[in-house]
Each structure stands twice: as structure tokens, then as C-alpha cells.
Amino acid sequence: MSNKKPTTSASITSVLHEERVFPPAKAFSQAAHIQSLAQYRKLYDESVKSPDKFWGKRAKEELVWFKPWTQVLQWKEPFAKWFVGGQLNLSHNCLDRHLDTPTANKAALIWEGELATDGKPGEERVLTYKQLHREVCRFANVLKKNGAAKGDRVLIYLPMVPEAAIAMLACARIGAIHSVVFGGFSAQSVADRIHDCGAKLVITADGGFRRGGVVQLKKNVDEALTLKDAQGNALGASIQKVIVLRRAANEVQMQEGRDVWWHEEAKLVGVECAAEKMDSEAPLFILYTSGSTGKPKGIFHTTAGYLLFAKLTSRYVFDLKETDVYWCTADVGWVTGHSYVVYGPLANGATSLMYEGAPNWPEPDRFWRIVEKYGVTVLYTAPTAIRAFMKWGVEWPMKRDLRSLRLLGTVGEPINPEAWIWYHEVIGHGRCPIVDTWWQTETGGILITPLPGATPTKPGSATLPFFGIVPEVVDDTGQTVPRNTGGKLVIRKPWPAMLRGVWGDPQRYNEIYWTEIKGSYFTGDGSRQDEDGYFWIVGRIDDVLNVAGHRIGTAEVESALVSNSKVAEAAVVGRPDDLKGQALVAFVTLKSGVATNPSLREELRRHVAKEIGPVAKPDDIRFAEALPKTRSGKIMRRLLKQIAAGGEIKGDTTTLEDFGVLARLSHGEE
Ligand code: PRX
């Protein structure tokens with residue numbers, strides 16, 4: 001294997017913007033699952049011409065069924081049912097099926113902790129498929145013992161430890177519906193989610209390590225369970241039990257009758273637990289995600305279609321082989337962690353690596369140490385992380401042996417060509433293909449992506465659709481626009497892993513996704529297709545921001561701000577940011593009599609962190625006397641965006657109510 005010297009940033013810059021095309025290397029293609037563009041096109045054509053045949057064949061070959069389905073797809077727009085009449089179990093498909101094969105004794109999960117409880121970095125655990133199966137069965141029994149049954153909702157609020165995957169798989173085993181909440185969300189967010197889905201149990205930990213500190217997960221749960229809505233009803237009223245994992249040797253309060261320790265409960269149950277027979281369309285999980293209005297909505301996915309799609313995309317996009325050590329750096333609190341840390345890799349019998357902590361703890365080479373230590377072959381991470389590594393300097397990756405890597409992936413936000421080239425040269429040594437994968441919480445799995453042995457790549461483009469996916473770029477009337485013209489990205493046909501709805505609100509599901517462009521799924525993203533049919537995704541065109549790969553609704557942050565007693569009005573917009581893609585800028589007017597002072601900014605930032613979580617803290621708060629509004633009273637966000645970006649104000653301002661406001665804002669006056 002070559003260990004070519006990384007290119008310097010000067011030579012990187014010089015090759016940019018020539019629109020380079022990177023064809024797959026011959027040696028890679030020859031060993032890949034999909035070996036040429038022609039083979040991809042043939043399969044793709046089959047998949048869209050005869051979807052029932054294509055997916056039916058795969059479902060039969062790839063999944064273990066307790067009862068076969070009778071119909072591949074039942075489509076009553078906007079509601080899809082896949083593999084109707086079939087029964088299976090997801091944990092059975094990820095675990096039991098491997099137990100009488102050589103995979104049984106292969107590592108299913110390799111885990112590295114950020115810190116050990118003795119304060120030293122690099123604690124590690126390996127669970128083979130057999131061991132993981134045993135732990136999942138044991139914990140499934142713990143769940144049952146604590147009252148969880150088929151159809152119940154279970155909230156998981158854990159650090160990135162193997163128990164997070166164990167808890168998810170155990171829920172799937174007994175047919176409970178999990179809702180994982182990212183550890184960076186606040187007590188209020190936990191309470192809102194419990195209330196929305198009516199969860200019966202919470203699974204949490206005494207703490208998790210992040211940048212050397214302890215994240216107080218149990219404490220947040222305790223607080224969440226005391227919170228009330230505006231009418232005085234307890235948001236956590238549905239919770240009967242809290243199962244607490246001992247992770248951080250952190251002191252926590254245990255409430256008699258409600259709180260139990262994972263390790264103590266585990267001693268009281270057996271390790272035999274038959275997998276429940278679940279209908280293909282049984283809900284599997286709910287994940288809350290931000291939209292352009294209101295509080296985050298509970299996107300839910302079901303069993304068979306999701307699993308099949310997660311399995312196939314994992315295999316083809318990451319070209320998974322028996323010998324791979326595959327590492328997706330996402331937290332299980334996001335959909336990427338569901339589909340590409342846990343379910344997709346395990347369904348394929350692959351080895352999936354989990355890391356608990358931050359990429360720069362204790363030093364900025366932590367990722368590269370992990371690659372070197374475990375011989376990681378496939379690495380899947382986010383553009384924000386790549387841009388941070390660029391900033392920290394090439395000396396960190398250069399110190400480590402990265403020759404085991406053979407494929408690199410990115411997800412979560414558009415990757416700028418500079419970051420793509422850096423990733424390719426400095427991390428991939430010019431030898432590893434890059435898969436820029438476009439998808440969403442709602443899509444369940446990757447929809448637009450190169451296949452690494454087949455698709456020539458262009459830095460910044462997610463390239464072509466996966467099998468069965470029919471994306472198009474359209475105008476406001478739903479007409480497909482000509483090549484190289486920008487428009488709205490829609491998906492024309494249903495696919496197996498598409499969301500089945502918004503939890504408890506079928507109407508909202510229809511309104512958000514299926515009314516913008518009649519007959520198509522609206523993604524909320526803008527895109528164009530180039531002359532080769534490649535998709536270039538520009539990002540959200542609704543009021544959703546993508547900050548460091550985290551999806552944040554401007555409306556959510558605004559309502560968090562106005563819930564502070566000092567704030568009269570708030571408008572939140574995005575500003576381009578070199579590192580995070582977008583930064584959050586809040587324009588705030590204060591209630592009369594409240595004076596601005598230097599600590600108020602920090603106070604409001606802390607308030608947003610408390611209401612939503614640290615991920616939603618505004619990067620910049622600007623106090624204003626008034627916000628620019630149209631004569632009909634609508635906040636002129638377009639103008640605020642231009643002001644936030646420090647740019648010139650363009651376009652029509654004739655409907656603006658008060659030109660004076662605009663002049664003061666654009667001169668930075670408060
Ligand atoms: O704007 C797109 C962006 O992330 C959004 C989805 O966010 P979320 O539901 O949190 O899921 C993230 C992980 C799948 C999309 O609407 N996005 C995701 N991947 C890409 C991307 N934008 C450009 N290129 C990508 N590869």
C-alpha cells in the first residue's frame with residue numbers, strides 16, 4: 001500500500017475549481033461489490049422500472065423472515081407499507097442469524113471510551129456477535145421485568161457506549177419502540193420528547209465523558225421528570241421506570257420505586273429471550289428532528305423496509321467486506337448512528353467501531369490514533385469534523401499510520417471542495433475513494449451517493465441516486481428544471497426506508513412532506529443536477545439550519561429566546577461559517593425597561609442551552625430596537641440573513657415598514 005506524502009494546503013488550493021473528476025481506481029473496482037458505472041446503471045434501471053421485483057428479491061435474499069410477506073409495496077399516497085403481511089425481528093436479523101456462522105465469534109462492536117474511570121484515555125471493549133447477542137437478550141429481559149412490552153415507547157439517553165446499541169437492539173427484540181435522545185440535549189428537550197411519545201421507560205447513565213468532563217445525564221432526566229407544561233401537567237407523567245447504567249462513577253440520586261441500576265437488574269434475569277415476531281410495518285424507532293415550525297417532530301420508521309435499506313446501503317456504499325473495521329463517528333442520538341453505527345453494519349455481520357468522546361481529546365489526533373490502533377479500514381464522518389481537522393493542522397494525522405484506510409465517507413452537510421480534497425489527500429493519501437452521502441432523518445438511509453467501485457466522483461457532489469431512488473430538481477410547480485438549474489430537491493417515488501409518519505400527527509406528515517410539491521416527497525433541500533446528472537446539494541431552503549452537521553429549526557431557537565422574560569421578540573438566521581458550515585445569529589429585541597449589558601448575551605445563550613441544548617446556542621446575539629418587518633408584519637429574514645453575513649443589502653425593500661430599523665441594523669447599532 002502506498003503512503004504518499006500529503007499535499008500541502010497551497011497545492012491543494014491550486015487544484016481547486018477545475019472541477020476535477022476522480023474515477024474509481026481499478027484495483028478498488030475489481031474487488032468491489034459494484035464494479036463499474038455500467039453495472040450500477042443496469043441495477044439502477046431495474047430498481048426503478050420494476051421496484052417490486054427488485055426489492056422483493058432483495059428482501060427474500062437478505063432478511064430472515066418468520067412469516068413471508070404477501071405484497072412488496074402498498075402505496076396510498078402519502079402512506080406506504082412495505083412487505084405487507086410479513087413478520088420478522090430486527091435484532092434477530094442483526095444477531096441470531098449470525099450465530100451459526102463463523103461471524104458468531106467475530107467482533108460486532110469495538111468500543112473505545114474517551115476516558116476510563118481512572119482518568120486515563122483509551123479504555124476499550126470488544127463484543128463478539130455471540131457476546132452482543134447474550135447482552136441484548138439479558139437486557140431485553142431487564143426491559144420486560146421493568147414493564148416494557150411490544151409497542152411501548154422507551155427513551156434512550158445514554159453516552160456512546162456499547163450499552164446504547166444493546167438498549168436499542170433489546171427494544172427491537174421485544175418490539176418496544178425506542179427513541180434515542182442525543183446526550184447534548186437538555187432536560188427540557190428530554191421532557192418534551194417523553195411527553196410527545198408517551199414513553200414508559202427511560203434508559204440513562206450516571207454520566208458520560210466528553211472532553212474530559214462528565215455529562216450529567218441522570219441529573220437531566222431527574223430534572224426532566226419534574227417539568228410541567230403550561231397547564232401544570234407533568235411532562236414525564238407516563239414514565240414508570242428509569243434504568244440507570246453505571247458508567248462514570250458519578251454520584252447520582254436514585255428515586256426509590258422508580259430508578260433501578262442496569263447492573264443490578266441484569267443479575268436478576270436470564271440470558272434467554274426469544275425475539276418477538278414483529279409485523280413488517282411495526283414501528284421500530286422515533287427520532288425527533290427539527291423542522292421549520294414548532295417543536296421538533298417525531299419521525300418514525302418501521303421494521304422491514306428500514307432494515308433492508310440500511311443493510312443494502314451499508315454494504316454497497318461502504319463496500320463492506322468480511323475483513324473491514326468500519327467506523328462511523330456519529331453518535332447514536334442521530335439517525336446516522338442508528339442506520340450506520342448499529343443496524344446497517346450489524347445486519348451485514350460487519351465490525352462496527354464506536355468511540356465515546358470528542359475528536360480532539362486529549363489531543364487533536366484522537367481519531368487518527370483510533371484508526372492506527374484498530375486498523376480502521378472504512379471511516380465515515382462529517383464535513384464539520386474534517387474542517388476542524390484542517391484547522392488543527394496536517395501534523396496530527398501525519399503522526400499516525402493511516403495505511404489501513406481504504407474508503408472514506410462524509411455525511412450531514414454539503415462538503416466544500418477544499419475539505420473534500422484535504423480529506424482525500426491528507427487522510428486518504430490520494431488512494432481512498434470518498435463517498436459523499438446525502439440523506440436525512442426522514443429518509444432512513446442514504447439516498448444519493450457514489451458507489452465507490454463504480455461512480456467517478458467530483459468534490460462537492462453527492463453524485464447519483466442509490467437503487468430505487470428517483471430524485472429530481474423541480475421548480476415551485478413541481479416541473480423538473482433543466483440541467484444546471486437550481487431548484488427544490490424532491491423524491492418522486494416511495495422507498496423502503498422512508499419515514500412512515502410524524503408520531504401522533506398524520507396530518508402534519510402530509511402537510512410537511514407531501515403538499516409542497518404534489519405527488520412527491522419534498523426534502524427541504526435545494527439542489528441542481530449537472531450535465532452528467534450529478535446532484536449538487538446546496539442545503540436547506542426552509543427555515544432549518546445546519547450548524548456543524550446538527551439540524552436546528554430557527555423557530556425553535558426563537559421560541560426558546562422569547563421564553564426568557566427579558567426578550568420581546570427574536571429572529572434567528574444562519575450565517576456562513578468556515579468551520580461549522582452555518583452559524584446561528586439571533587436578532588433580539590428586549591422588553592421595555594430592560595437594558596442591554598455585557599452579560600445579557602451570555603445569559604441568553606445559557607437560556608437557549610437550557611431550553612434546547614448546547615448545540616442550539618446562538619453564536620452571535622445582536623440586540624435591536626425593532627426587527628425589520630413587511631407592512632403585513634412578517635419578519636424580513638432575507639434581509640436579516642444579509643445583515644448577519646455582513647453583506648450588502650440586495651433586493652426589494654419597498655414593503656419594509658421602517659427603513660430606519662434596517663439602517664441601524666446594518667450599521668451594527670444596537
Ligand atoms: O440539508 C441536508 C443535510 O442534512 C439534512 C438532513 O439532516 P438530518 O436529518 O439531521 O440528517 C443528517 C444525517 C443524514 C439534509 O436535509 N445533508 C445531509 N447529508 C448531506 C447534506 N447536505 C449536503 N450533502 C450531504 N451529503
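Whatever order the structure lists ligands and atoms in, that order sets their numbers, starting from 1.
- Between Arg540 and Glu413 there is no salt bridge, since none of the side-chain N atoms of the basic residue sits less than 4.0 Å from a carboxylate O of the acidic one.
- Inspection of the Gln529 and Tyr534 side chains reveals no N or O donor paired with an N or O acceptor under 3.5 Å.
- At least one N or O atom of Asp436, backbone or side chain, sits closer than 3.5 Å to an N or O atom of ligand 1.
- Taking every heavy atom of Trp439 and a limit of under 4.0 angstrom, the matching atoms of ligand 1 come to 6 (C), 14 (C), 15 (C), 18 (C), 19 (N).
- Ligand 1 has at least one atom lying under 4.0 Å from a heavy atom of Gly412.
- Salt-bridge check for Asp620 with Arg575: passed, with a basic side-chain N closer than 4.0 Å to an acidic carboxylate O.
- At the shortest separation from atom 13 (C) of ligand 1 among protein heavy atoms lies Thr336 OG1, 3.4 Å.
- Shortest contact from atom 25 (C) of ligand 1 to any protein heavy atom: Glu413 O, 3.5 Å.
- Cation-pi geometry between Arg366 and Trp361 is not satisfied (NZ or CZ under 6.0 Å from the ring centre, within 45° of the ring normal).
- Judged purely by atom type and a 3.5 angstrom limit, Arg387 uses its side chain to pair as donor or acceptor with the backbone of Leu579.
- Nearest non-hydrogen protein atom to atom 7 (O) of ligand 1 is Arg551 CD, 3.5 Å.
- In terms of N/O distances under 3.5 Å, ligand 1 is approached by Thr437.
- Every atom of ligand 1 with a heavy atom of Asn546 under 4.0 Å away is listed here by number and element: 3 (C), 4 (O).
- Checking side-chain atoms of Thr480 against main-chain N and O of Val474 turns up no donor-acceptor pair under 3.5 Å.
- The N/O atoms of Thr441, backbone and side chain alike, include one that comes under 3.5 Å of an N/O atom in ligand 1.
- Shown are Tyr423, Trp392, Phe389; of these, the ring-ring contact (aromatic ring centres under 6.0 Å, His included) with Phe367 is made only by Phe389.
- Lys311 places a side-chain N or O within donor-acceptor distance of the main-chain N or O of Glu62, the cut-off being under 3.5 Å.
- By the 3.5 Å distance cut-off applied to N or O atoms, Asp525 is counted among the residues near ligand 1.
- Of the listed residues (Gly445, Ser339, Ser290, Pro414), the one carrying the non-hydrogen atom nearest atom 23 (C) of ligand 1 is Pro414.
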